[in-house]
Student: 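Take this structure first; my questions come after.
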Amino acid sequence: MLDILFFTALIVCFVAVVTQFLALAFRKEGLKKAAWLVNAATFALITAYMIARGVTAKRLPLSNQFEFAVAFAWGVALLSMILRRTVEEPWLGTIMAAASFLVLSFAALQPRQVSELMPALRSGWFGFHIGSAVMSYAAFMTAACFAVRYLLLVRRPDADEERLFRLDYYAYRLTAFGFLMLTVTILTGAIWAEQAWSAFWTWDPKETWALITWLIYAAYLHLRLIKKWQGKRMAVFSVVGIVCVLFTFIGVNALFAGLHSYK
Amino acid sequence: MKKTLAFLQSMCFGLLLLAPLLICSVLGSLIPQGESEAAYAEAYPSLYHLILGLGLDHIFRTPVFLALAALFGLNLALCCFNQFRVVPGREAAVRERALRNRETAALTEAQRQKLMQFLRRGLWRREETDGKAMFSASPLRWYGSAVAHFALLGILLGAAGIFVLSRSADYALMPGDNALPNGLTVRLEDFRVSDGEGRVDYASTVEITDARERKSGLRDIRVNHPLRFGGVKIYQHSYGVAGVLSVTVKDTGETWPARVTEPGMISVGGPDGVWYMTVYPGYVADEEGNVTPITQTTGEYPDPLYYLLLVENGAMVPVLAVPGDEIETSDAVYRLEAPLLYPAIRVKTTPVWIYGLLYLSFAVLVAGLYLCFFQSPAVVILSPEGYTLTGKRNDTEWRQRLRLLLENGGGR
């Protein structure tokens with residue numbers, strides 16, 4: 001039953017990407033509405049899946065690579081819904097739906113069985129630490145989608161300054177939100193690690209790469225706020241940042257063994 | 001001197017330091033840390049001399065990394081003290097600039113209402129000057145960046161405090177054993193690998209007695225639930241399994257128990273005996289009686305299988321045996337018993353002020369970042385002609401936010 005719900009969400013997410021693409025390619029209002037509905041259906045299905053899995057497992061569904069990836073895709077879909085009215089930018093919804101679909105597809109490749117929470121994860125910090133990581137990754141991914149749209153638009157000679165300004169500004173706001181959430185992730189993780197493993201910081205590969213990601217986004221925000229960098233340079237920075245986020249999420253688990261190896 | 005100080009506190013210096021810190025961090029994640037020399041020689045046959053020579057096997061404790069971190073701390077310290085120094089003057093300067101600002105943007109009535117509502121909701125302070133309404137953000141907002149930097153400095157100081165003052169030691173204890181850390185006596189009463197409902201849960205029951213003979217009573221320690229007593233924190237750190245054998249000497253009939261945690265020889269003094277290798281948590285036997293050990297475990301040993309070498313007459317013969325089996329040599333009988341699970345507990349001493357400093361810095365950092373990114377300061381003057389906006393030097397943040405707010409209701 002859970003699998004059926006998950007793969008329905010995956011398929012509907014793919015349909016959302018295709019519908020969004022067709023709506024923009026053919027510029028049909030009816031298709032645009034349909035695309036929005038399919039997008040909302042994707043979000044609803046992922047939400048339903050997470051609730052069902054949580055009820056089955058009797059805990060927050062955030063304990064392994066699969067569950068985190070589903071929550072990550074849910075976060076991107078949530079931000080896409082929130083920002084839809086605020087930023088009415090063609091193709092942005094398509095890019096975000098595609099990002100959500102790719103993350104869900106990665107989840108589909110992971111083991112999906114519901115397992116008992118291991119002792120190290122049974123803590124009050126579990127929800128705060130992993131929940132903030134989900135929101136942080138989702139915000140960075142959404143910021144990168146804005147940055148990609150910016151980079152595609154800025155190449156056009158007739159690019160509208162107002163649209164570029166809007167994309168650049170929201171990419172920054174999302175990055176700032178993601179940075180705040182990543183800070184919460186690292187700090188709650190440190191407090192939790194002290195309780196579980198007796199040390200606030202152990203230079204575990206996941207911790208180290210979370211710190212590297214934090215430093216990269218700290219540099220982004222300093223350059224933006226102090227040096228007043230904007231536009232193309234910041235968009236490129238945002239794309240580099242999301243590569244680092246994805247490496248922290250996928251690469252570190254695939255390449256290194258450590259205290260965060262929850263397969 | 002002034003130039004040097006200005007450089008040391010500059011963002012440019014901070015970013016310059018970030019590059020080598022990032023490189024060290026990447027190397028530290030690529031190269032496993034704290035392994036034995038033999039492990040590096042095996043994993044990196046052509047590079048291990050370089051790895052060991054440069055200290056890449058413990059990169060986060062090398063003088064180079066610590067010096068970089070110290071310089072980064074210095075940069076942070078100078079930067080945040082400078083920020084606290086200049087903020088009051090900056091706030092006054094912005095208010096003065098705001099009064100001189102003539103870049104008035106026109107407002108429709110609807111936009112005026114929207115802006116007023118926004119300022120009221122954000123608790124902006126209102127003052128009347130020359131028939132104009134001057135709104136300034138809460139004074140706290142001016143300190144967002146300084147507060148965040150100050151908190152980071154607190155975290156670095158806390159980390160340095162732990163590096164210098166915190167001590168920890170691990171003790172492997174069998175039930176009934178005592179450990180004697182820091183003038184305390186820690187007695188292990190019991191160790192379990194599952195809770196009452198059958199879930200895996202590593203828990204030790206211990207009793208601690210301090211130097212003044214005060215007792216903690218029997219207390220459970222488990223993962224995520226350390227015990228604080230007598231100025232130390234005691235953690236359920238890991239666990240191991242000991243092979244248990246009853247050794248009976250043939251000549252005298254004397255019997256004594258042997259608990260072994262590492263591979264090694266057990267004998268009654270002569271050249272013959274058994275060499276303990278390991279104990280597996282379970283095994284699978286096929287129809288022909290071939291036995292395949294199960295090596296993975298979450299802690300339970302439901303069907304233990306011993307792997308031993310029988311040492312007799314100078315020869316070593318591999319033996320697989322289960323509890324209850326007996327192995328006989330020329331001078332003794334070795335009866336295998338159920339293996340014994342035992343914990344390793346970690347005893348850590350860290351001054352309480354370090355915890356206080358770190359927890360306070362964590363909370364302050366989050367608050368500072370929130371102020372910095374979502375509550376940056378500005379002064380808005382509303383007049384019948386429209387509004388003027390004055391932020392920090394070269395600030396575009398509020399300009400963008402108000403523009404989006406007034407144009408389409410966005411810009412949260």
Side-chain angles (χ1 to χ4, degrees), chain A residues 83 85-88 116-125 162 165-166 168-170 172-173 175-177 179-180 183-184 186-188 190-192 194-201 203-209 211-212 215-216 218-219 221-223 225-228 230 252 255-258, chain B residues 11-12 14-15 18 21-22 25-26 28-30 32-33 59-60 145 148 155 158-159 162 166 168 199-203 222-226 233 235-237 298 346 348 350 355 358-359 361-363 365-366 369-370 372-374 376 394-397 400-401 403-404 407-412:
Chain A
L83 292 169
R85 285 223 171 272
T86 316
V87 193
E88 288 177 6
E116 186 185 278
L117 208 55
M118 54 199 292
L121 295 179
R122 286 179 217 142
S123 164
W125 293 105
E162 180 59 33
F165 156 75
R166 219 170 267 250
D168 178 58
Y169 175 70
Y170 280 106
Y172 154 67
R173 299 290 288 173
T175 303
F177 175 68
F179 185 75
L180 183 62
T183 307
V184 172
I186 292 173
L187 298 182
T188 53
I191 296 170
W192 186 3
E194 201 278 331
Q195 284 184 1
W197 303 322
S198 76
F200 285 100
W201 194 262
W203 294 107
D204 173 69
K206 193 69 126 185
E207 287 175 359
T208 307
W209 276 92
L211 181 65
I212 291 170
L215 291 174
I216 285 174
L221 291 163
H222 276 84
L223 290 170
L225 294 174
I226 312 289
K227 292 285 178 192
K228 306 298 164 196
Q230 286 188 14
V252 169
L255 297 176
F256 311 118
Chain B
M11 189 192 76
C12 184
L15 290 177
L18 278 189
L21 282 170
L22 280 174
S25 301
V26 172
S29 69
L30 292 176
Q33 299 290 292
I59 196 164
F60 301 114
S145 171
I155 292 172
I162 285 177
S166 186
S168 70
R199 294 191 309 172
V200 175
D201 186 22
Y202 311 104
R222 49 168 58 86
V223 183
N224 285 316
H225 300 280
K233 238 173 161 179
Y235 296 82
Q236 169 60 52
H237 178 54
T298 51
R346 173 165 290 179
K348 195 178 80 166
T350 306
Y355 286 106
L358 283 172
Y359 291 153
S361 301
F362 289 173
L365 176 60
V366 173
L369 289 178
Y370 173 73
C372 194
F373 298 133
F374 299 100
S376 66
N394 298 326
D395 185 45
T396 51
E397 169 63 16
Q400 292 164 343
R401 284 175 74 173
R403 189 169 143 194
L404 289 169
E407 282 175 9
N408 66 355
R412 274 183 289 274

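All of these numbers come straight from a predicted model, not from anything done at the bench.
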Student: Chain A heavy atoms under 4.5 Å from B:Tyr235: which part of the residue, side chain, backbone, both or neither?
Tutor: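 The side chain, not the backbone.
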
Student: Which one of B:Lys233, B:Arg346, B:Gln236, B:Lys348 satisfies the side-chain hydrogen bond (donor to acceptor under 3.5 Å, both in side chains) criterion with A:Ser198?
Tutor: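 Per the side-chain hydrogen bond (donor to acceptor under 3.5 Å, both in side chains) rule, the option paired with A:Ser198 is B:Arg346, out of B:Lys233, B:Arg346, B:Gln236, B:Lys348.
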
Student: Looking at every non-hydrogen atom in both residues, tell me the closest pair between B:Tyr370 and A:Leu180 and how far apart they are.
Tutor: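 B:Tyr370 and A:Leu180 have their closest heavy atoms at N-CD1, 4.0 Å.
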
Student: Below 4.5 Å, heavy atoms only, C-beta onward: do A:Leu255 and B:Leu30 meet side chain to side chain?
Tutor: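 No, every pair of side-chain atoms sits at 4.5 Å or beyond.
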
Student: Given heavy-atom pairs under 4.5 angstrom as the criterion, report whether the side chain, backbone, both or neither of A:Phe165 touches chain B.
Tutor: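 A:Phe165 touches chain B through side-chain heavy atoms alone.
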
Student: Checking A:Leu117 now: which residues fulfil side-chain contact (heavy atoms from CB on, under 4.5 Å) with it, not counting sequence neighbours?
Tutor: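 A:Leu117 satisfies side-chain contact (heavy atoms from CB on, under 4.5 Å) with A:Arg59, A:Ser63, A:Leu121, A:Arg122, A:Phe126 only.
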
Student: Would A:Glu194 and B:Tyr355 satisfy side chain to side chain donor-acceptor pair (under 3.5 Å), going step by step from the backbone distance to the final call?
Tutor: CA-CA 10 Å; A:Glu194 201 278 331; B:Tyr355 286 106; 2.7 Å; yes

Student: Would you call B:Val26 and A:Trp209 a side-chain contact if the rule is heavy atoms closer than 4.5 Å?
Tutor: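 Yes - at least one pair of side-chain heavy atoms lies under 4.5 Å apart.
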
Student: Which pair of non-hydrogen atoms, one from B:Asn224 and one from A:Ala120, has the smallest distance, and what is that distance?
Tutor: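 Looks like ND2-O, 3.0 Å.
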
Student: Could you measure the distance from the OG atom of B:Ser29 to the CD1 atom of A:Ile212? Nearest 0.5 Å is fine.
Tutor: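 Output value for this atom pair is 5.0 Å.
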
Student: A:Ala190 versus chain B, heavy atoms under 4.5 Å apart: side chain, backbone, both or neither?
Tutor: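 The side chain, not the backbone.
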
Student: Mind ranking B:Thr350, B:Ile155, B:Leu18 by heavy-atom pairs under 4.5 Å with chain A and telling me who comes out on top?
Tutor: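 Most pairs with chain A among the choices: B:Leu18.
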
Student: For the OG1 atom of A:Thr208 and the CD atom of B:Gln33, what is their distance to the nearest 0.5 Å?
Tutor: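 Output value for this atom pair is 8.0 Å.
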
Student: Measure the spacing between OG1 of A:Thr183 and CZ of B:Phe373 and express it to the nearest 0.5 Å.
Tutor: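 Reported value, rounded in 0.5 Å steps: 7.5 Å.
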
Student: Without swapping roles, check the side chain of A:Arg173 against the backbone of B:Phe374 for a donor-acceptor pair under 3.5 Å.
Tutor: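 Answer holds: no.
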
Student: Hey, could you give me the CG/CG distance between A:Leu221 and B:Leu369, rounded to the nearest 0.5 Å?
Tutor: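 With rounding to 0.5 Å, CG (A:Leu221) is 9.0 Å from CG (B:Leu369).
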
Student: Any side-chain heavy atom of B:Ile162 sitting closer than 4.5 Å to one from A:Trp201?
Tutor: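 The answer is no; the side chains never approach within 4.5 Å.
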
Student: Please classify the contact of B:Ser25 with chain A as side chain, backbone, both or neither, using a heavy-atom distance under 4.5 Å.
Tutor: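 It is both, since atoms from each part get that close.
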
